[in-house]
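Chain letters run A, B, ... following the sequence lines, proteins first and then strands; every chain starts at 1. This is a predicted model, so every value here is computed, not measured.
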There are 2 protein chains.
Amino acid sequence: MNKVTMADVAKVAGVSKSTVSQYLNKRYEYMGEKTKLKIEEAIEELGYQPNFIARSLKQKRTSMVGIIVANITHFFSTEISRAIEDFCHTHDLHAIFCNADDDPEKEKNYIEMLRAKQVDGLIIFPTGQNNDLYKKMVSQGYPVVFVDRKVENLDVFSVITDNAHATSMAVQHVIEKGHRNIAFVVQPLKVSPRIDRLTGYKKALTDAGIEINSDYIIEASIPDMKNKLEQLFSLEVKPTALFAANDRVFMAVGEFLKEKGIKLGKDLELIVFDNIPFSHLLDSPISFIEQPAAEMGKKAAELLFQQINKEDTPPEVFVFPSRIV
Amino acid sequence: MNKVTMADVAKVAGVSKSTVSQYLNKRYEYMGEKTKLKIEEAIEELGYQPNFIARSLKQKRTSMVGIIVANITHFFSTEISRAIEDFCHTHDLHAIFCNADDDPEKEKNYIEMLRAKQVDGLIIFPTGQNNDLYKKMVSQGYPVVFVDRKVENLDVFSVITDNAHATSMAVQHVIEKGHRNIAFVVQPLKVSPRIDRLTGYKKALTDAGIEINSDYIIEASIPDMKNKLEQLFSLEVKPTALFAANDRVFMAVGEFLKEKGIKLGKDLELIVFDNIPFSHLLDSPISFIEQPAAEMGKKAAELLFQQINKEDTPPEVFVFPSRIV
DNA sequence: TTGTAAGCGTTATCAG
DNA sequence: CTGATAACGCTTACAA
């Protein structure tokens with residue numbers, strides 16, 4: 001189908017392949033006006049489309065970057081992704097998105113396949129379970145930026161938010177409203193944001209002189225959450241406030257509450273870590289901790305871009321503050 | 001960084017490039033156990049990663065497919081995308097997603113760049129404004145599948161839903177509930193689903209013997225929507241029901257209603273075309289028309305896969321029924 | 001069973 | 001200003 005090659009164009013235009021190549025790369029400087037026109041015509045006539053694969057092979061640069069998202073069903077992820085894509089678009093990079101589904105095996109596959117496809121760099125929301133692989137990339141000087149989650153013992157560019165601090169502030173706020181029995185619901189503590197948010201929660205309680213009650217801390221995967229919530233709400237002293245550690249937890253909790261007829265605002269105060277797209281449609285008084293996703297995405301893309309263009313700056317961790325809404 | 005090439009492996013293993021190539025392509029049939037092992041070791045030792053770019057150039061097949069989404073902020077789009085990716089993943093295809101932002105210019109760019117990158121096929125949520133380009137692809141026999149939106153005068157594989165019919169049913173349902181003043185809110189009528197939904201709306205009214213009141217039909221872009229809604233709700237006879245033609249319209253409408261203190265269910269009945277992720281969290285009685293996104297995505301991927309593998313079947317349009325929830 | 005050599009469609013280096 | 005010619009890293013007949 002795409003059988004027209006540079007050689008064909010050259011033949012029709014009556015010039016050589018190299019001249020056509022020059023033309024395509026806009027190096028007209030020393031090019032005769034007449035040849036330029038002839039080539040233009042030939043391209044038009046044949047419907048020629050350059051083959052980027054061939055070019056990439058030669059240039060060892062694909063102008064593609066890969067983004068490996070831990071879980072695309074987080075609204076936060078799609079927001080960041082959008083920002084990354086925007087940046088790439090204005091910098092002549094093409095962004096390829098993959099969804100690791102929070103599965104280290106899949107993450108590994110994607111990293112390997114993207115590197116095999118010679119993408120120029122990678123932005124990763126790491127599962128945190130592939131440290132050897134991360135280390136290898138970094139030590140090979142391959143351009144990488146980590147987003148959302150910290151990776152231990154690795155000197156690498158990262159873009160994260162102040163999970164512990166924001167959580168702590170939010171919980172403190174709820175305490176000031178008079179709540180003492182505050183539950184904390186989170187998915188399995190496998191990645192840094194979850195851990196940091198829990199830390200922030202504990203800190204706020206401790207600072208306020210409230211004892212930490214492990215019955216109020218629920219760590220469960222989304223499918224198991226319902227059962228755990230049942231337990232939580234059959235306690236003698238029920239929580240009057242609940243902190244959902246991210247949007248998916250929020251949804252699970254919301255579903256549960258609805259089912260049980262527990263009224264937000266009246267029976268329970270809810271705080272959620274994450275931007276929720278439909279939040280303004282809910283008339284319940286829910287607090288949200290909003291991460292500056294757009295800026296974070298942009299920063300990550302920028303950092304990657306710099307690495308790709310060999311601007312040698314030492315790896316740094318950028319912490320963006322979150323906002324309580 | 002990825003300087004290890006097949007030649008290096010061959011040298012270390014003491015065999016020739018072609019033997020290594022055989023090994024990599026799992027054609028061990030006639031390969032000595034000893035050579036196999038030597039190659040294995042060499043690969044391990046050097047940390048060799050094959051270069052897909054080079055392979056693609058030779059094979060004229062990249063094992064990548066492109067998906068051009070009209071607007072990724074529609075939840076429906078991400079759902080379909082997920083399904084497409086799942087299918088691709090199980091069929092050794094890599095999916096690249098691009099967001100055309102409902103902009104024909106961007107769409108054109110992406111189509112061209114993806115083809116230049118030699119992707120094996122394209123799944124497009126068409127803007128509908130690039131008919132020449134679509135036509136060209138089809139006539140060149142390039143594998144394409146259109147999703148969500150119909151393209152006129154083009155014999156091509158498409159996966160859509162029964163927009164007019166589903167809308168008509170939903171509106172009819174609202175009429176049966178006793179509503180007569182039903183508004184219809186839609187973004188600019190540039191693509192077939194919007195047009196078809198409007199058609200369905202009109203049909204339901206006509207069938208019920210209700211006169212179509214153009215004051216109740218709002219066609220506006222999201223930023224303009226608020227103003228138009230102001231007008232709608234300053235009419236003497238206000239609508240008692242409102243049909244939002246998709247999720248983004250729903251959000252705009254929801255925001256407006258909230259601002260105005262118009263209560264869902266009480267003051268206004270709402271029907272939305274599209275699956276909304278947080279719908280079960282809203283305690284207002286909203287009806288949704290749910291498209292079978294997962295099945296549609298899978299079907300689209302399947303159709304593309306068949307074309308890529310040259311299973312010659314004539315183009316067909318697959319219509320999936322939507323469900324009212 | 002393994003090696004040789006000719007491409008795939010570009011770009012880059014030098015001559016002319 | 002333009003044109004040979006050699007890469008880029010891999011696959012694939014065909015030979016050995």
Report yes if a side-chain nitrogen or oxygen of A:Thr5 is closer than 4.0 Å to either non-bridging phosphate oxygen (OP1 or OP2) of C:dG9; otherwise report no. no
Does a nitrogen or oxygen in the side chain of A:Ser21 sit under 4.0 Å from OP1 or OP2 of C:dT11? yes
D:dT2 phosphate, OP1 or OP2, under 4.0 Å from A:Lys17 side-chain N/O: no
Round to the nearest Å and state the distance from B:Lys38 atom NZ to C:dT1 atom C1'. 12 Å
Could you report the tightest heavy-atom contact between B:Ala95 and B:Cys88, atom names first, then the distance? CB-SG, 4.3 Å
For the side chain of B:Leu57, counting heavy atoms from C-beta on, which of D:dG9, C:dT10, D:dT11 is nearest? D:dG9
Look at A:Tyr23 and D:dC1 and indicate whether a side-chain polar atom (N or O) is within less than 4.0 Å of OP1 or OP2. no
Relative to the ring of B:Phe146, is the ring of B:Tyr134 parallel (under 30°), tilted (30 to 60°) or perpendicular (over 60°)? perpendicular
Please tell me which of the listed nucleotides, D:dC8, D:dT5, D:dT12, lies nearest to the side chain of A:Ser18? D:dT5
Closest non-hydrogen atoms of B:Thr5 and B:Tyr48, given as atom of the first, atom of the second and distance, are C-CE1, 3.6 Å
Closest heavy-atom pair, A:Thr161 versus A:Phe320, reported as atoms and distance to 0.1 Å, is OG1-O, 2.6 Å
For A:Ser56, report the nucleic acid contact type (base, sugar-phosphate, nothing); a contact means any heavy atom under 4.0 Å. nothing
Name the nucleic acid region contacted by A:Val15, choosing base, sugar-phosphate or nothing; use a 4.0 angstrom heavy-atom cut-off, strictly under. sugar-phosphate
With respect to the phosphate group of C:dG3, does any side-chain polar atom (N or O) of B:Ser16 fall under 4.0 Å of OP1 or OP2? yes
Quick note, B:Asn51 side chain, CB onward, closest among D:dG9, C:dT2, C:dT10 is D:dG9
